[in-house]
Amino acid sequence: MKYDFKTIEKKWQDRWDSENTFAARDDYSMPKFYALVEFPYPSGQGLHVGHPRSYTALDIVSRKKRLQGFNVLYPMGWDAFGLPTENYAIKNHIHPEIVTANNIKNFKRQLKMLGFSFDWSREINTTDPEYYKWTQWIFIQLFKKGLAYKKEMSVNWCTSCKCVLANEEVVNGVCERCGSEVIHKVKSQWMLKITEYADKLLEGLNDVNYIERVKTQQRNWIGRSTGAQVKFKTTAGDILEVYTTRCDTLFGATYMVVSPEHPFLEKWQDRLKNMDEIRAYQKEAAKKSDFERTEVVKDKTGVRLDGVTAINPVNGKEIPIFISDYVLVSYGTGAIMAVPAHDTRDWEFAKKFGLPIVEVVAGGEDIEKAAFTDCATGTLCNSGFLNGLSVEEAKVKMLEYLKENNLGEEKVNFKLRDWVFSRQRYWGEPIPVVHCPKCGYVTLPESELPLKLPEVDSYEPSETGESPLSKITDWVNTKCPKCGGDAQRETDTMPQWAGSSWYFLRYCDPHNKKELASKEALKYWMPVDWYNGGMEHTTLHLLYSRFWHKFLYDIGVVPTAEPYAKRTSHGMILGENGEKMSKSRGNVVNPDDIVNEYGADTMRLYEMFIGDFEKSAPWSPKSIRGCKRFLERVCALSEQLTDSDEYSKELEADFHRTVKKVTSDIDELKMNTAIAALMSLLNDIAAKGSITRGEFKTFITLLNPFAPHITEELWEKAGFEGELNGTEWPSFDEAKCQDATVEIVVQINGKIRLKLQVAADISAADAIALAKSQPGVAEAIEGKTVVKELYVPKKLVNIVVK
RNA sequence: GCGGGCGUGGCGGAAUUGGCAGACGCGCCAGACUUAGGAUCUGGUGUUUCCAACGUGCAGGUUCAAGUCCUGUCGCCCGCACCA
């Protein structure tokens with residue numbers, strides 16, 4: 001049979017489409033499997049070859065699960081709000097809605113051309129008012145529980161676009177869009193209190209099956225630390241509180257540092273004799289961009305406060321206070337106690353300003369040469385009642401002392417910050433809030449949802465940095481839902497992460513007009529059994545959606561505490577030159593070209609065969625031909641069929657082993673070795689020269705999840721019953737995986753001497769005796785003492801002689 | 001700096017978790033069929049001084065046996081980055 005992939009793939013895709021072959025069933029008595037891949041942002045560039053790597057992998061899992069009798073939900077949709085679409089719309093004077101519709105059309109065509117078994121009847125789109133109605137609804141619930149609040153805060157401001165930028169839109173301190181300088185500007189922003197869920201997000205990780213690097217990255221991002229909040233008296237009379245994880249080193253605190261933004265500086269301005277110098281430093285610090293503040297190699301700077309000092313609470317010594325930008329206002333109390341002997345940053349600062357360095361943990365190198373920061377080995381010294389204790393013991397004892405004397409208490413801190421939720425843009429979900437001069441911020445009644453984006457001619461950012469929506473006065477001006485008085489709508493929109501924070505729930509019941517999804521549907525389908533996506537979303541989308549889900553769980557909307565039972569991540573597909581694919585590097589591979597030249601089955605197979613799924617791999621235009629050859633050879637098999645429905649004697653063990661391997665490899669996402677096993681089996685079949693119908697049936701069923709079109713075609717051509725996708729996944733018999741005889745290696749002193757064919761179940765004694773009787777072996781042992789004889793079943797005999 | 005991961009042929013990568021290193025594929029070499037080959041098929045392909053020895057970044061160690069375990073060291077990639 002000639003491998004006419006174009007005709008074959010079109011034929012089966014049309015049939016799957018018209019028959020809705022892969023729609024999830026509403027039969028809640030069946031065992032379910034919910035497989036999820038990150039829905040794409042439909043960009044103008046179309047599908048990237050990276051997208052199908054993830055989609056194919058879970059398509060394989062889904063197709064196999066269906067054959068194994070599961071009711072599988074494998075859905076797809078569009079995460080379609082976002083800046084690139086809006087920018088394109090502005091530049092080309094086309095409404096974002098139209099741009100989005102066109103891009104989706106192209107994406108959908110490309111996804112269908114690859115033969116994914118998505119349930120298209122559940123397709124969703126975050127820009128559809130019927131969808132974002134529920135995004136807005138969730139926001140209102142967050143607001144009602146006090147988890148959404150408005151706050152004045154410093155944001156990124158592009159001086160050229162006159163527009164607020166998200167952190168991820170600032171690249172190396174300049175605007176990603178125009179390359180102009182980005183400065184800080186204080187604006188009122190909507191925030192979501194994700195910090196309230198920090199502990200739950202951390203603890204929840206213990207109950208889910210995520211790959212370890214995802215868990216660690218989230219744990220680090222949340223950044224929980226335990227320490228002490230300690231009170232220092234000052235000569236100004238105020239108590240200056242600091243947070244420290246090393247309260248054991250308190251005797252070594254020789255100075256203090258507050259951040260340039262610390263409120264006490266204003267309060268103390270009359271006492272401070274060098275206020276001019278302080279103000280100048282504050283101004284410098286405020287001017288610094290994020291880029292400058294995070295530069296690696298940099299000198300510590302600061303100013304000593306003249307007029308206010310502090311008292312070390314444990315030894316009563318008077319110590320100076322500095323301001324320095326190495327202390328962050330946003331973490332802990334915005335002030336620190338400095339222990340130069342045991343903290344690298346404090347050490348650098350102390351060296352620069354000539355401050356005393358007092359060793360309080362002995363066991364390191366010379367304290368004048370470097371700070372000794374190791375917590376595991378040192379012993380306390382110069383520390384009064386702590387002397388002689390280990391660091392851990394000293395922490396406990398110091399904490400007791402602080403508590404007894406009302407000098408401090410235990411404290412937990414997080415690196416996680418609240419989520420800046422507003423964007424001054426048109427193409428996003430409107431925030432369903434009005435501002436009433438009398439009632440303050442009031443959410444819309446749920447009956448008024450969705451609050452639709454107003455139809456406008458111009459959605460360009462305004463000169464003032466307000467959202468484009470602010471110019472639409474008849475939309476902005478409204479009545480307060482509470483008191484009926486004149487009020488104004490919120491003109492900021494939600495960030496792109498909003499719609500994707502709950503989309504997996506909507507798939508369970510996508511057409512529901514009354515709820516975001518019915519209780520029954522959620523109870524049956526949730527949690528997502530397997531979610532695959534990019535590492536770049538670990539501390540954004542993945543964390544945000546866990547937060548929303550946990551909130552929805554707490555208010556009784558969803559039945560599970562965690563949204564995803566399992567999370568895996570795929571590596572990037574790089575350009576041929578090993579660099580990241582990009583237009584500017586000119587190494588982009590277009591899926592349309594590949595499918596056109598080799599077909600969807602070959603492309604799917606190649607993307608799975610390219611290497612370890614979790615690692616990045618360069619695209620190789622030559623290697624893909626090996627996958628095509630493989631499929632052509634499979635087609636050729638259908639001309640060598642013999643009548644038997646059984647496995648042949650020669651290949652029986654081979655088939656059982658391959659069924660076993662492919663089955664477990666798919667579950668472990670080791671698609672490359674599953675394909676290698678099938679190739680290997682094909683080589684064995686080819687060597688034998690014929691294949692039984694039974695063997696062929698198993699072979700194409702195993703291959704089906706990888707190459708669904710050609711295997712359906714071969715199934716039909718061979719006259720098997722029904723369609724392949726309606727059959728059963730092959731089973732294997734553990735006992736039959738083993739050949740009757742195996743080859744073992746005979747070693748003398750660990751060096752291989754020869755190879756032997758033996759019965760698989762030979763006893764150790766027989767194997768050793770047989771090995772010793774072999775020519776060459778006997779001579780080698782002759783006249784020497786046998787120290788040890790080993791037999792590793794089915795592997796080797798090793799005779800150790802002296 | 002901290003955290004995570006990785007170093008195996010010319011290339012992408014395997015190795016049942018301590019048991020024949022290099023599966024499978026690409027590339028390359030030779031042959032067959034061909035008017036032709038960037039098609040297909042068959043065989044070969046870690047290195048070298050080829051009946052043998054050496055080989056998984058480097059140096060040690062444990063073991064009958066090490067890519068795999070331990071100690072040290074070098075290099076690369078990703079994430080966070082002055083988080084007290």
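Reminder, nothing fancy here: chain letters follow the sequence lines and each chain counts from 1. The analysis underlying the following values was restricted to heavy atoms, covering all of them including side chains, and did not include hydrogens, waters or symmetry mates.
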If you find the nucleotide of RNA chain B closest to A:Glu743 and the one closest to A:Thr244, which residue's nucleotide is nearer the 5' end?
-> A:Glu743
Most 5' of A:Val800 and A:Val745 on RNA chain B, judged by nearest nucleotide = A:Val745
For salt bridge (charged side-chain N to carboxylate O under 4.0 Å, His left out), just list the numbers for A:Glu38 and A:Arg567, CA-CA rounded to whole Å, side-chain angles, deciding distance to a tenth of an Å, and then say yes or no.
-> CA-CA 11 Å; A:Glu38 288 166 351; A:Arg567 169 78 178 189; 2.8 Å; yes
Which whole number of Å gives the distance between the [atom1] atom of [N] and that of [M]?
N	M	atom1	value
B:rA21	B:rU16	P	14 Å
B:rU62	B:rC50	C1'	34 Å
B:rG57	B:rC76	C1'	10 Å
B:rA39	B:rU34	C1'	10 Å
B:rG7	B:rG67	C1'	11 Å
B:rA32	B:rC26	C1'	22 Å
B:rU48	B:rG10	P	10 Å
B:rU71	B:rG1	C1'	24 Å

Reading RNA chain B 5' to 3', what string of ( ), [ ], | and . shows its pairs, if Watson-Crick and G-U wobble pairs count only when both distances fall under 3.5 Å?
-> (((((((..(((......[....)))((((((.......))))))(((...)))..(((((..]....))))))))))))....
Residues two or more places apart in sequence or in another chain: which of them pass side-chain contact (heavy atoms from CB on, under 4.5 Å) with A:Pro356?
-> A:Thr254
Not counting sequence neighbours, which residues clear side-chain contact (heavy atoms from CB on, under 4.5 Å) with A:Asp374? List them please.
-> A:Phe372, A:Ala376, A:Thr377
Is the glycosidic torsion of [N] within 90° of 0, making it syn, or is it anti?
N	result
B:rG57	anti
B:rU17	syn
B:rC11	anti

Which of parallel (below 30°), tilted (30 to 60°) and perpendicular (above 60°) describes A:Phe349 and A:Phe322?
-> perpendicular
Evaluate the ring planes of A:Phe699 and A:Phe655, with Trp represented by its six-membered ring, and classify them as parallel (under 30°), tilted (30 to 60°) or perpendicular (over 60°).
-> perpendicular
Which is true for A:Asp346 with a 4.0 Å heavy-atom rule: it touches a base, it touches only sugar-phosphate, or it touches nothing?
-> nothing
When all nucleic acid strands are considered with a 4.0 Å heavy-atom cut-off, which category describes A:Leu796: base, sugar-phosphate, or nothing?
-> base
For residues A:Lys580 and A:Ser616, determine if any side-chain heavy atom of one lies less than 4.5 Å from a side-chain heavy atom of the other.
-> no
Is any side-chain heavy atom of A:Thr249 less than 4.5 Å from a side-chain heavy atom of A:Met337?
-> yes
How close or far is atom [atom2] of [N] from atom [atom1] of [X], stated in whole angstroms?
X	N	atom1	atom2	value
A:Lys580	B:rC78	NZ	P	10 Å
A:Tyr331	B:rC2	OH	P	17 Å
A:Gln747	B:rC64	CD	P	13 Å
A:Arg625	B:rG37	CZ	P	16 Å
A:Arg629	B:rC26	CZ	P	5 Å
A:Tyr606	B:rC24	OH	P	19 Å
A:Lys622	B:rG38	NZ	C1'	9 Å
A:Arg633	B:rU42	CZ	C1'	11 Å

Rounded to the nearest 0.5 Å, what separation is found between the CZ atom of A:Phe609 and the OG1 atom of A:Thr673?
-> 9.5 Å
Would [X] and [Y] pass as an ion pair if we require N to O under 4.0 Å?
X	Y	result
A:Asp299	A:Lys352	yes
A:Arg219	A:Glu212	yes
A:Arg629	A:Glu632	no

Specify the residues of residues 216-225 of chain A, ordered by number, for which at least one heavy atom lies under 4.0 angstrom from an atom of RNA chain B.
-> A:Thr216, A:Gln217, A:Asn220, A:Trp221, A:Ser225
Can you name the atoms? Protein N/O to nucleotides 5-16 of chain B N/O, anything below 3.5 Å, with the distance.
from: B:rG12; atom 1: O2'; to: A:Ile610; atom 2: O; distance (Å): 2.5
from: B:rA14; atom 1: OP1; to: A:Asn672; atom 2: ND2; distance (Å): 3.2
from: B:rU16; atom 1: N3; to: A:Lys795; atom 2: NZ; distance (Å): 2.4
from: B:rU16; atom 1: O4; to: A:Lys795; atom 2: NZ; distance (Å): 2.7

Can you check side-chain hydrogen bond (donor to acceptor under 3.5 Å, both in side chains) on A:Asn413 and A:Ser225, steps first, answer last?
-> CA-CA 5 Å; A:Asn413 253 312; A:Ser225 72; 5.6 Å; no
Taking the side chain of A:Tyr243 as its heavy atoms from C-beta onward, which of B:rA84, B:rG25, B:rC20 lies nearest to it?
-> B:rA84
When you measure from the side chain of A:Ile336, which nucleotide among B:rA84, B:rC24, B:rG19 comes out closest?
-> B:rA84
Test ring pair (Phe, Tyr, Trp, His ring centres under 6.0 Å) applied to A:Trp619 - qualifying residues, sequence neighbours left out = A:Tyr606
Could you tell me whether the phosphate oxygens of B:rA84, OP1 or OP2, come under 4.0 Å of any side-chain nitrogen or oxygen in A:Tyr326?
-> no
Regarding A:Lys300 and the six-membered ring of A:Tyr326, is the cationic atom NZ or CZ under 6.0 Å from the ring centre and inside 45° of its axis?
-> yes
